[in-house]
Amino acid sequence: MIPYVTDTPDIRIPASLVPGDGRFGSGPSKVRPQAVEALAAAASTYLGTSHRQTTVKSVVASLRDGLAQLFSLPDGYVVTLGNGGTTAFWDGATFCLIERKSQHLSFGEFSSKFAAAAAAAPHLDDPEVLTSEVGTHPEAEARDDVDLYALTHNETSTGVMMPITRPAGPGLVAVDATSGAGGLRVDPSAFDAYYFAPQKCFGSDGGLWVALLSPAAQERVAALAASGRWVPASLDLTIALDNSRLDQTYNTPALATLFLFDHQVRWFNDNGGLEFSAGRCDRSAEILYTWADNADFATPFVSRDQDRSHVVATVDLDGSIDAAAVAAVLRANGIVDTEPYRKLGRNQLRIALFPAIDPEDVAALCACVTHVVGALAG
Ligand SMILES: *Cc1c(COP(=O)(O)O)cnc(C)c1O
């Protein structure tokens with residue numbers, strides 16, 4: 001159990017240690033000031049204008065082109081988008097991507113949710129759910145009767161990442177990359193649906209989903225539509241595909257979210273693409289895990305090196321130190337959202353390493369934690 005902190009200890013972190021930007025949350029996460037300034041500059045001609053006109057549609061077109069470039073999408077893949085975030089996409093997938101039976105790798109709070117959505121759908125067979133202990137990930141197992149494999153690139157609740165590879169056999173591969181996309185490398189030939197939302201590596205706001213759909217995924221959507229299965233319109237991926245091809249969404253999107261999202265994708269592409277953005281995460285991860293390995297009061301929660309996420313790090317603190325008090329002191333000093341995922345219930349800090357977060361700020365955060373732990377002990 002995490003102790004409930006009633007009073008935050010009065011510890012002032014020296015200004016020389018404090019990071020330039022104090023946002024380390026795993027979503028919503030740091031939005032770059034440059035993107036906000038660009039939005040403010042465009043506001044009077046962009047915000048509050050029709051999403052069916054060129055001003056907004058050109059931003060959607062730029063975003064879709066930019067994502068295709070960022071992920072080196074092969075011909076025939078369609079960058080698809082709609083409202084409702086990743087959670088709405090899960091529901092869309094239970095209607096429009098799973099034919100009868102899915103297999104889910106369930107290794108934390110987020111990966112378990114898509115499995116639960118598929119299990120609850122009356123028109124589907126019970127899914128196969130492969131689990132593993134928190135802090136690890138299971139491996140997919142090829143099956144003849146599975147028509148969709150549900151993988152998660154990064155389990156945000158535990159800080160475990162896994163490589164995306166295609167199981168043998170004909171099933172579609174759908175990857176929840178909500179916190180991994182843009183921060184972890186991926187080969188597009190390994191997936192049929194790579195889906196995410198913009199409030200994590202893309203430094204924007206929530207409420208939108210994006211799915212990179214392969215030709216096989218599009219065929220599945222079309223075949224299920226032809227089969228006569230009833231689909232609510234707001235979750236219908238046929239409707240989403242039709243609108244996306246016209247650089248719009250089925251219903252009204254959040255225009256600021258689109259703008260900030262596009263700005264971030266341009267920033268990635270202008271600086272070298274996924275190699276640049278994932279490289280920043282690699283540097284931050286190197287700094288953070290090296291610090292945790294060397295500090296006598298901290299241990300990376302995830303034991304296998306290759307499973308330790310480069311986008312969301314989890315670090316256990318020694319039982320003699322109250323991690324909740326550390327997070328509370330950090331928060332009182334303007335360094336926010338280092339609390340662990342609630343339901344994990346560990347004496348832990350969780351720190352986002354998304355591309356927008358400067359590796360130097362991660363180094364500064366490490367020094368701040370060391371300072372606070374020393375002050376609490378003293
Ligand atoms: C944040 C997150 C979600 C939920 O995204 P919403 O847009 O809030 O629905 C799902 N999966 C993963 C892996 C996440 O990190």
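This is a predicted model, so every value here is computed, not measured. Counting starts at 1 for both ligands and their atoms, following the listed order.
Numbered from 1 in the order shown, with element, the atoms of ligand 1 that lie under 4.0 Å from a heavy atom of Ala197 read 7 (O). Below 4.0 Å from some heavy atom of Gln199 lie the following atoms of ligand 1, by number and element: 5 (O), 6 (P), 7 (O), 8 (O). Heavy-atom contacts of Asn154 reach the following atoms of ligand 1: 13 (C) (cutoff under 4.0 Å).
Not a single heavy atom of Leu208 sits closer than 4.0 Å to an atom of ligand 1. Under a 4.0 Å heavy-atom criterion, Glu155 is not in contact with ligand 1. By the 4.0 Å heavy-atom criterion, Trp209 is excluded from the residues contacting ligand 1. By the 4.0 Å heavy-atom criterion, Lys200 is counted among the residues contacting ligand 1.
Comment: Asp21 does not engage Arg32 in a salt bridge, judged by the lack of any side-chain N to carboxylate O separation of less than 4.0 angstrom. The pair Asp236-Arg229 does not count as a salt bridge, with every side-chain nitrogen at least 4.0 angstrom from each carboxylate oxygen. Note on Asp282 versus Arg185: salt bridge recorded, some NZ/NE/NH1/NH2 to OD/OE distance being below 4.0 Å.
Residue contacts with ligand 1, taken as heavy atom pairs separated by less than 4.0 Å, involve Trp90 solely via side-chain atoms from C-beta onward.
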| request: Run the numbers on Leu353 and Ile351 for side chain to side chain contact (heavy atoms under 4.5 Å, CB included), then give the verdict. | output: CA-CA 6 Å; Leu353 310 170; Ile351 295 152; 4.1 Å; yes
| request: Any chance you could lay out the side chain to side chain contact (heavy atoms under 4.5 Å, CB included) test for Leu130 and His104, step after step, and finish with the verdict? | output: CA-CA 6 Å; Leu130 305 178; His104 300 257; over 6 Å; no
| Can His123 and Phe95 be said to form a ring pair (Phe, Tyr, Trp, His ring centres under 6.0 Å), step by step? | CA-CA 8 Å; His123 57 276; Phe95 280 104; 5.2 Å; yes
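Scanning the protein heavy atoms around atom 4 (C) of ligand 1, the nearest turns out to be Phe110 CE2, 3.9 Å. Closest to atom 15 (O) of ligand 1 among all protein heavy atoms lies Thr156 OG1, 2.4 Å.
Counting only non-hydrogen atoms, the option in Thr87, Asp176, Val175, Val311 that gets closest to atom 11 (N) of ligand 1 is Asp176.
Remark: ligand 1 and Thr152 share no N or O pair separated by less than 3.5 Å (distance only, no angle test). In terms of polar-atom proximity, Thr86 is counted as a contact of ligand 1, with an N or O under 3.5 Å from an N or O of the ligand.
Taking the six-membered ring where the residue is Trp, Tyr289 and His310 present tilted rings, their angle falling between 30° and 60°.
Exactly one residue among Tyr195, Tyr194, Phe89, Phe114 makes a side-chain contact (heavy atoms from CB on, under 4.5 Å) with Asp176. That residue is Tyr195.
For the pair Lys200 and Phe110, the distance from NZ or CZ to the six-membered ring centre is under 6.0 Å and the angle to the ring normal is within 45 degrees.
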